[in-house]
Peer 1: 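This is the structure I want to talk about, given as structure tokens.
In what follows, chains are A, B, ... by sequence order, proteins preceding strands, each numbered from 1.
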Number of protein chains: 2
Amino acid sequence: MDRNNQRPLTLRDVSEASGVSEMTVSRVLRNKGDVSEATRKRVQEAAKRLGYVPNKIAGALASQRVNLVAVIIPSLGNMVFPEVLSGISEVLEDTELQPVIGVTDYMPEKEEKVLFEMLSWRPSGVIIAGLEHSEASRAMLAQAGIPVVEIMDVDGDPIDACVGISHRRAGRKMAEEIIAAGYKKIGFMGTKMPLDHRARKRFEGFTRTLAAAGIEIADREFYSGGSALAKGREMTAKMIERTPDLDFLYYSNDMIGAGGLLYLLENGVDVPGQIGLAGFNGVELLDGLPRQLATMDACRKEIGTKAAQIIAARHAGNHPPEGDLINLAPKLTLGDTLRR
Amino acid sequence: MDRNNQRPLTLRDVSEASGVSEMTVSRVLRNKGDVSEATRKRVQEAAKRLGYVPNKIAGALASQRVNLVAVIIPSLGNMVFPEVLSGISEVLEDTELQPVIGVTDYMPEKEEKVLFEMLSWRPSGVIIAGLEHSEASRAMLAQAGIPVVEIMDVDGDPIDACVGISHRRAGRKMAEEIIAAGYKKIGFMGTKMPLDHRARKRFEGFTRTLAAAGIEIADREFYSGGSALAKGREMTAKMIERTPDLDFLYYSNDMIGAGGLLYLLENGVDVPGQIGLAGFNGVELLDGLPRQLATMDACRKEIGTKAAQIIAARHAGNHPPEGDLINLAPKLTLGDTLRR
DNA sequence: TTGAAAGCGCTAACAC
DNA sequence: GTGTTAGCGCTTTCAA
């Protein structure tokens, strides 16, 4: 603690300080193999006194084992992903594995780059959002020789394992609910979708189901960037002015839905009598709104835990029939914004 | 791309496939040193065809350089930290450095553990939230021999560099504003604070300034966990029932402030005439609220960029007089909830 | 229970 | 411009 050393300490330093061979020091520090209580004490003391921090780089190279799990997600600002991450962390905390986060900003090229970087650290597994990846990314994942779990979505072709919900089905379910409630003039608001495959799939499931019932989306509006709450407000204002006879608004996420809800309530619109509303995600935030927005839970935490469990199981040698696919059922919450 | 290889490819494989020495292959792949255009082409082709992903573990061990920056923050669910991270990422993207995120959940023991783990990968620098760390953590940071930037807060004793705002001053400034506006019966709501030093410091700065003006906090309430928006609602309801003559509510973060605002507006309270409100953080979310909540910007993004710049500069060999301390000035936004 | 030797996959440093 | 040699700091393996 008092050495002004530039060079980080090595096993050798601890070995010399304790008068025990490097090998034995290594064994003590890893709790591996039998070491007498006496030497163990001496080594631990020396290590602590010197402030030795093992070099995982060297350890990983020598042992050919890296206890990292690459977790690749589109964004941290979305609230959805931190929840997935917390599910992952919770599970991995009980193992020797550690998550490492990479962010793609919804850009395939960046995903490819991040993936390459992470794979070059030879992680023990990969958890990656979505089923849509560049050819190169898919190839890397397939070649890596490690468990790969694609999460959030199940509508597509997994490389290996997969945990998520069907967003098409989610869109369909919500449409069915809306139709059953008797709404007819429906508007849609969401993100510009080329970026967001899951939002697109929900939209597809939604519109197709309406179409099958002879209903066509009466108006639509897309945004990108900015405060989602404010965008929800703006888009809603614009849309009900443009299409005043709408009786339902479906938002592709709860945040813009909340913005719309606040706007409508302020303007004295009867929700859900005059206009019904629904969002998507089931974010915690909704609990504090004046009305409970109808929404559909995306099973974020569960996706995280299940994905991590798959990685952990494979890592421990359990090879549950490779290619596990877990299709979770999103839970619908009617709240107070969808009349029954 | 078609080999069903268990063993990951090595430089040697690329070397053999291209008929070029490992050393030259390495040079090509790193763009280091002079290589003829012809061999460069051959090597790149071979590498791509095989799907070679370099092994950074080995590279780092050999070169003694790891281009990772450990970023240690309390939480990802807070919105504040993702913004700091995006500032960091933006700056590091133009360098060879890469951020790696560690989360402490506001727990000193976990911070210590995460720090130890990260340091064992021998990163090129550390960015860590807060100035309060365990003895062991401080020792590790001091010993590591790499640039360390403590962020968010400047009220304390930095180990090395430091970028943040003074939370005491932030609390003081808000108190001054409130006093100047003529409010007298002031309530405070916030997180349970043993965990959150910055919230505590704001509270201290706030109460001391009030005290100096002969005002004492009339009521207070603390929460932990749950939806902050909902908590803001609940606490506000409880507090104004308990202490009906309050004329100002200071919230330790914008989210609970937003909950309080929504509650008061719903209940027909005149804001800011009857009761004034203020939060802290300047989160984007506020833009979508019915009223603009008075708040103070925590300079989150700027903290991220400045911290990353310090690391990047040091990494590049520029040693700006060690121990740089950047004290940013939080910007006050009066909004519509603090009468003038 | 402990130690010595070999080598993980790469790169620095030096030949050629 | 290209190749050779010797490690980086550990762990694996085998011997004592």
Peer 1: Taking CZ from Arg12(A) and P from dG3(C), how many angstroms apart are they, rounded to a whole number?
Peer 2: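 So the CZ-P distance, Arg12(A) to dG3(C), works out to 14 Å.
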
Peer 1: For a side chain to side chain contact (heavy atoms under 4.5 Å, CB included) check, start with the C-alpha distance between Val103(B) and Ser89(A), then their side-chain angles and the critical distance, and finish with the verdict.
Peer 2: CA-CA 10 Å; Val103(B) 175; Ser89(A) 302; over 6 Å; no

Peer 1: What integer distance in Å separates Trp121(A):CH2 from dC8(C):P?
Peer 2: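 In whole Å, dC8(C) P and Trp121(A) CH2 are 19 Å from each other.
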
Peer 1: Looking across every strand, which nucleic acid part, if any, lies under 4.0 Å from Arg122(B) by heavy atom: base, sugar-phosphate, or nothing?
Peer 2: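 Since no nucleic acid heavy atom lies under 4.0 Å of Arg122(B), the category is nothing.
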
Peer 1: How many Å lie between CG on Leu11(B) and P on dG3(D), as a whole number?
Peer 2: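 Nearest whole value for this atom pair: 13 Å.
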
Peer 1: Nearest to the Glu22(A) side chain among dC10(D), dT2(D), dC10(C), which nucleotide is it?
Peer 2: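 Ranking dC10(D), dT2(D), dC10(C) by closest atom to the Glu22(A) side chain puts dC10(D) first.
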
Peer 1: If the cut-off is 4.0 Å, is Tyr52(B) near the phosphate of dC10(C), judged by side-chain N/O to OP1 or OP2?
Peer 2: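 Looking at the OP1 and OP2 atoms of dC10(C), one of them is under 4.0 Å from a side-chain N or O of Tyr52(B).
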
Peer 1: Return the value, rounded to whole Å, for the distance between atom CE of Met23(B) and atom P of dT4(D).
Peer 2: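 Rounded to the whole Å, the gap is 12 Å.
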
Peer 1: Please compare Arg40(B) and Ala62(B) by the position of their nearest nucleotide in DNA chain D and report the one closer to 5'.
Peer 2: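 Of the two residues, Arg40(B) wins.
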
Peer 1: I want to verify a distance call: between dT12(D), dG3(D), dG9(C), whose nearest atom is closest to the Thr24(B) side chain?
Peer 2: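 Nearest to the side chain of Thr24(B) among the choices is dG3(D).
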
Peer 1: For a quick check of understanding: with a heavy-atom distance under 4.0 Å over all strands, which category does Asn55(A) fall into, base, sugar-phosphate or nothing?
Peer 2: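 It contacts sugar-phosphate atoms only.
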
Peer 1: What integer distance in Å separates Lys32(B):NZ from dC10(C):P?
Peer 2: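 It is 16 Å, rounded to the nearest whole Å.
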
Peer 1: Which residue lies toward the 5' end of DNA chain C, Arg27(B) or Leu61(B), if each is placed at its nearest nucleotide?
Peer 2: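 Nearest-nucleotide comparison on DNA chain C picks Leu61(B).
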
Peer 1: Should Met140(B) and His133(B) be marked as a side chain to side chain contact (heavy atoms under 4.5 Å, CB included) after you check the CA-CA gap, both sets of side-chain angles, and the distance that decides it?
Peer 2: CA-CA 10 Å; Met140(B) 280 192 265; His133(B) 316 289; over 6 Å; no

Peer 1: Report the residue from Ile127(B), Asp324(B), Ile311(B) that forms a side chain to side chain contact (heavy atoms under 4.5 Å, CB included) with Pro147(B).
Peer 2: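 Of the listed options, the one satisfying the test is Ile311(B).
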
Peer 1: Given atom CG of Asn67(B) and atom C1' of dT11(C), what is their separation to the nearest angstrom?
Peer 2: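 Value for this atom pair: 14 Å.
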
Peer 1: If you check every side-chain atom of Ser26(A), which of dT11(D), dA12(C), dG9(C) has the closest atom?
Peer 2: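 Nucleotide nearest to Ser26(A)'s side chain: dT11(D).
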
Peer 1: Quickly work out the Leu29(A) CG to dT11(D) C1' distance and round it to whole Å.
Peer 2: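 After rounding, the reported distance stands at 13 Å.
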
Peer 1: Can you identify which nucleotide, out of dG9(C), dT2(D), dT2(C), has its nearest atom closest to the Val35(A) side chain?
Peer 2: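 Nearest to the side-chain atoms of Val35(A), counting from C-beta on, is dT2(C).
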
Peer 1: Locate the shortest heavy-atom distance separating Cys299(A) from Leu328(A); write the atom from each residue and the value.
Peer 2: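 Closest approach of Cys299(A) to Leu328(A), heavy atoms only: CB-CD1, 3.9 Å.
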
Peer 1: Does dG7(D) have its OP1 or OP2 closer than 4.0 Å to a side-chain nitrogen or oxygen of Gln64(B)?
Peer 2: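 So the side-chain polar atoms of Gln64(B) never come under 4.0 Å of the phosphate oxygens OP1 or OP2 of dG7(D).
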
Peer 1: Within the 4.0 Å heavy-atom criterion, would you say Arg65(B) contacts the bases, only the backbone, or no part of the nucleic acid?
Peer 2: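 Sugar-phosphate contact only - Arg65(B) comes under 4.0 Å of backbone atoms but never of a base.
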
Peer 1: So which nucleotide from dT11(C), dT4(D), dC8(C) ends up closest to the side chain of Ser63(B)?
Peer 2: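 Of all the options, the side chain of Ser63(B) is nearest to dT11(C).
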
Peer 1: So if I apply the side chain to side chain contact (heavy atoms under 4.5 Å, CB included) rule between Tyr52(B) and each of Val25(B), Leu29(B), Val43(B), Asp13(B), which one comes out positive?
Peer 2: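 Considering Val25(B), Leu29(B), Val43(B), Asp13(B), a side chain to side chain contact (heavy atoms under 4.5 Å, CB included) with Tyr52(B) is found only for Leu29(B).
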
Peer 1: Using OP1 and OP2 only, check whether a side-chain N or O of Thr39(B) sits under 4.0 Å from dT2(D).
Peer 2: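 So the side-chain polar atoms of Thr39(B) do come within 4.0 Å of the phosphate oxygens OP1 or OP2 of dT2(D), strictly under.
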
Peer 1: For Leu9(B) and Val14(B): C-alpha separation, side-chain torsions, deciding distance, then whether side chain to side chain contact (heavy atoms under 4.5 Å, CB included) applies.
Peer 2: CA-CA 8 Å; Leu9(B) 298 165; Val14(B) 182; 5.7 Å; no

Peer 1: From the options dT12(D), dT2(C), dG1(D), select the nucleotide whose nearest atom is closest to the side chain of Arg30(A).
Peer 2: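 Nearest listed nucleotide: dT12(D).
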
Peer 1: Quick one: Leu9(A) CG to dC8(D) P, roughly how many Å, whole number?
Peer 2: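 After rounding, the gap between these two atoms is 16 Å.
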
